[in-house]
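Everything numeric here is computed off the predicted structure, so don't read it as measured data. Hydrogens, waters and symmetry mates play no part in the numbers below; they use all other heavy atoms, side chains included. Throughout, protein chains are lettered first and strands after them, A, B, ... in sequence-line order, and every chain is numbered starting at 1.
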Amino acid sequence: MIKPTLPQGTRDFPPSVVRKRQYILRIIREVFERYGFQPLETPAMENLETLLGKYGDEGDKLIFRILNNGLDNPAKREQVLDGFRQVMEGTGSKAVTERALRYDLTIPFARFVAMNHGQLQFPFKRYQIQPVWRADRPQKGRYREFYQCDADVVGSASLLNEAELANIYLDAFRMLGIPIELRLNNRKILAALAEACGGAEKLTDITVAIDKLDKIGMEKVMEELSQRGLSDEQSSAIGMYLSISGDVDEKLSKAEALLGHTPQGQKGIEEIRWLANFLKKEEGGYPFTLDFTLARGLNYYTGTIFEVKAGGVQIGSIGGGGRYDDLTGLFGVPGIPGVGISFGVDRIYDVMEERGSFPESLEVGTKLLFFNLGESECRYVWPILQSLRESGIACEIYPEQTKFDKQFKYAEKKKIPMVVIAGSEEIANGTLKVKNLTTSTQQTIGKDELKELLLQAS
RNA sequence: GAGGGUGUAGCUCAGCCGGUUAGAGCAUCAGAUUGUGGUUCUGAGGGUCGUGGGUUCGAGCCCCAUCAUUCUCCCCA
């Protein structure tokens, strides 16, 4: 016998957890639909070459690769051995692995758009809720298998899309009851910063370092910048940029003074300014914060970037996204710009659990349990049971004839709020005993009155 | 990829300086209670102390290795 275990970083979801997860997904899906997004699903696995090189060197290492079948075929022995040799030298080999589990939902979506651009109605708005896999080392709030819920618009460069996506975040988290901070920035501003201090090729180094500002502080960021090969002069210019403070308007003016002389900087600031004006609330103020330190890891972002932080809990971001000018260009179909956002369901779950934000009603599945008091008693309640089910009322009958104690405890464990007891006495009188387990009250009713009673109660 | 923590009953954990037969709470099962649950009382079952080696008269405890798990860093949701 082997000890049953789970692969590292994966989880089973027991019924109560699935209920809560589905509650989150239901709300997010509802909001997506309300904004005109359409569902899409893609396979769990993609061709390895579809994924490689899209997430940076670090990302490539975290892609789960699937071993080819038929490696034990003697006829292919030399080919396979040679393939393994290549794998051990760090270069991939189709002889050993040509498929991999999807790492996110954006690249498979880009692949889908590139394959079907002739058939799709643009702008194409899709949402996708599926698991993704990363060969990462698991830790708090990080798993090797987790769900992403993405919504993307492709085929439109309009900033109106950004405004809609921002509102999707605001709507969804309001409905979930999670206070959030929505942070925005623009990758063009970061690019302009890199251009001004260190050169465009330092963009990644700069973003990785400044992204950590709120975590490690200004001094450490400066240290990291010099470690990454920036001069003191360049670092201090970045320091000035990072020190920009004030409300959204002030920050924009200050950034303009610093980076407005470059075309990219100017463009980025204009984009944010437009978005800010558009999202501005009637009573003034903005439903987001402008965070110049926000960088986001993925390299394909080229414009607006989003990040959502949950208020009052110590957990990483629970959502993020951004604009990309040319994602499908990687697959030979240039000129389709897009923008998208993602919800981190697993972390949202953790936040809601920590805050106690799930409605209690989620725990009730079955509304009514019929006790089993013997075969003739079962025959007596059977038509009633079926008729309730036809009316959409979830109910069940205890399948074994056993003592009351057991049947009561079953109902209690499953959080079934009501039980029906019908024995020889009730059969003789054509009645039912209905007990409410939460109030511990009991009443006797005619056997045809049950449905009405339940419909009244709900 | 780098560095810590933890592995003892189904679950959460205690176990003194290395010393006789390894404990508690919860859970489970049975009974008090053959048509009324939750509270209570009584009793029972349940252990290769992660695994392998070593030190010792003696190891749950010390040492080494290994596996699992968890956390931090890198990176990310």
**Student:** Please identify which of these residues, A:Tyr241, A:Phe292, A:Tyr301, meets the side-chain contact (heavy atoms from CB on, under 4.5 Å) condition with A:Leu190.
**Tutor:** A:Tyr241

**Student:** Taking the basic N atoms (NZ, or NE/NH1/NH2) and the acidic carboxylate oxygens, is any pair closer than 4.0 Å for A:Lys309 and A:Glu307?
**Tutor:** no

**Student:** When the C1' atoms of B:G58 and B:U20 are compared, how many Å lie between them, rounded to an integer?
**Tutor:** 11 Å

**Student:** Partner of B:C57 by Watson-Crick or G-U wobble geometry, both contacts under 3.5 Å, or none?
**Tutor:** B:G19

**Student:** Looking only at side-chain N and O atoms, does A:Gln148 come under 4.0 Å of OP1 or OP2 in B:A77?
**Tutor:** no

**Student:** Starting at the 5' end of RNA chain B, which residue's closest nucleotide do you reach first, A:Lys413 or A:Lys212?
**Tutor:** A:Lys413

**Student:** Tell which nucleotide pairs with B:U72, taking only Watson-Crick or G-U wobble pairs whose two distances are both under 3.5 angstrom.
**Tutor:** B:A2

**Student:** Heavy atoms only, 4.0 Å cut-off, all strands: where does A:Arg228 land among base, sugar-phosphate and nothing?
**Tutor:** sugar-phosphate

**Student:** Answer yes if the ring centres of A:Phe64 and A:Tyr103 are under 6.0 angstrom apart, and no otherwise.
**Tutor:** no

**Student:** Look at all strands and tell whether A:Gln407 reaches a base, only sugar-phosphate, or nothing, counting heavy atoms closer than 4.0 Å.
**Tutor:** nothing

**Student:** Across the strands shown, which category fits A:Gly320 at heavy-atom distances under 4.0 angstrom: base, sugar-phosphate, nothing?
**Tutor:** nothing

**Student:** Considering every strand and a 4.0 Å limit on heavy-atom distances, what is the contact class for A:Ile341: base, sugar-phosphate, or nothing?
**Tutor:** nothing

**Student:** Given B:C29, is OP1 or OP2 found less than 4.0 Å from the side-chain N or O atoms of A:Lys409?
**Tutor:** no

**Student:** Sticking with atom C1', work out how far B:U21 lies from B:U39, rounded to a whole angstrom.
**Tutor:** 36 Å

**Student:** Is there a Watson-Crick or G-U wobble partner for B:A30 with both distances under 3.5 Å, and which nucleotide is it?
**Tutor:** B:U42

**Student:** Remember a base hit wins even if backbone is also touched, and classify A:Ile421 as base, sugar-phosphate or nothing at under 4.0 Å, heavy atoms.
**Tutor:** base

**Student:** Looking at every strand, decide which applies to A:Ser440 at a 4.0 Å heavy-atom threshold: base, sugar-phosphate, or nothing.
**Tutor:** base

**Student:** Any base atoms under 4.0 Å from A:Val419, or only sugar-phosphate, or nothing? Heavy atoms, all strands.
**Tutor:** nothing

**Student:** What's the gap between B:C49 and B:G60 when it is taken at their P atoms, as a whole Å value?
**Tutor:** 7 Å

**Student:** Both A:Pro7 and A:Glu58 contact RNA chain B. Taking the nearest nucleotide for each, which residue is further toward the 5' end?
**Tutor:** A:Pro7

**Student:** Per the side-chain contact (heavy atoms from CB on, under 4.5 Å) rule, which among A:Asp152, A:Ile168, A:Val31 passes with A:Phe37?
**Tutor:** A:Ile168

**Student:** Suppose you measure atom P in B:G10 against the same atom in B:G45; what distance do you get, rounded to whole Å?
**Tutor:** 15 Å

**Student:** Any N or O donor-acceptor pair linking the side chain of A:Lys435 to the base of B:G37 at under 3.5 Å?
**Tutor:** yes

**Student:** May I ask you to say what A:Glu307 touches in the nucleic acid, namely base, sugar-phosphate or nothing, with a heavy-atom cut-off under 4.0 Å?
**Tutor:** nothing

**Student:** Using the C1' atom as the point on both nucleotides, what is the distance between B:G38 and B:G47, in whole Å?
**Tutor:** 32 Å

**Student:** Using a heavy-atom cut-off of 4.0 Å across all strands, would you classify A:Tyr143 as base, sugar-phosphate, or nothing?
**Tutor:** base

**Student:** With rounding to whole Å, what would you report as the distance between B:G4 and B:U8 at their C1' atoms?
**Tutor:** 22 Å

**Student:** Across the strands shown, which category fits A:Ser424 at heavy-atom distances under 4.0 angstrom: base, sugar-phosphate, nothing?
**Tutor:** base

**Student:** Are the ring of A:Phe404 and the base ring of B:G37 both nearer than 5.5 Å at their centres and tilted by less than 30°?
**Tutor:** no

**Student:** Closest approach to the side chain of A:Gln139, judged atom by atom: which nucleotide of B:C74, B:G37, B:C76 is it?
**Tutor:** B:C74

**Student:** In this structure, is the centre-to-centre distance between the rings of A:Phe343 and A:Phe32 below 6.0 Å?
**Tutor:** yes

**Student:** Taking the C1' atom of each, how far is B:U48 from B:A22, in whole Å?
**Tutor:** 14 Å

**Student:** Could you check which of B:G37, B:C75, B:A77 has an atom nearest any side-chain atom of A:Glu224?
**Tutor:** B:C75

**Student:** Considering only heavy atoms and no angle criterion, is a donor-acceptor pair shorter than 3.5 Å present between the side chain of A:Glu426 and the base of B:G35?
**Tutor:** yes

**Student:** Report which part of the nucleic acid A:Gly59 touches: base, sugar-phosphate, or nothing (heavy-atom distance under 4.0 Å, all strands).
**Tutor:** nothing

**Student:** List the steps and the verdict of side chain to side chain contact (heavy atoms under 4.5 Å, CB included) for A:Val208 and A:Arg228.
**Tutor:** CA-CA 10 Å; A:Val208 167; A:Arg228 287 174 183 266; 3.2 Å; yes

**Student:** Quick one: does A:Arg142 reach the base of B:C75 with a side-chain donor-acceptor pair under 3.5 Å?
**Tutor:** yes

**Student:** Distance check, C1' atoms only: B:A27 and B:C11, in whole angstrom units.
**Tutor:** 7 Å

**Student:** When we call it a touch if two heavy atoms are under 4.0 Å apart, what does A:Lys433 touch: a base, just sugar-phosphate, or nothing?
**Tutor:** base

**Student:** Does a nitrogen or oxygen in the side chain of A:Gln8 sit under 4.0 Å from OP1 or OP2 of B:U69?
**Tutor:** yes

**Student:** Which pair of heavy atoms, one from A:Ile336 and one from A:Gly155, lies closest together, and at what distance?
**Tutor:** CG2-N, 3.6 Å

**Student:** Given that both distances must come in under 3.5 Å, which nucleotide forms a Watson-Crick or G-U wobble pair with B:A65?
**Tutor:** B:U51

**Student:** Closest to the A:Glu425 side chain: B:C75, B:G37, B:G35?
**Tutor:** B:G35

**Student:** Only one of A:Arg11, A:Arg142, A:Lys140 forms a salt bridge (charged side-chain N to carboxylate O under 4.0 Å, His left out) with A:Asp346, so which one is it?
**Tutor:** A:Arg11

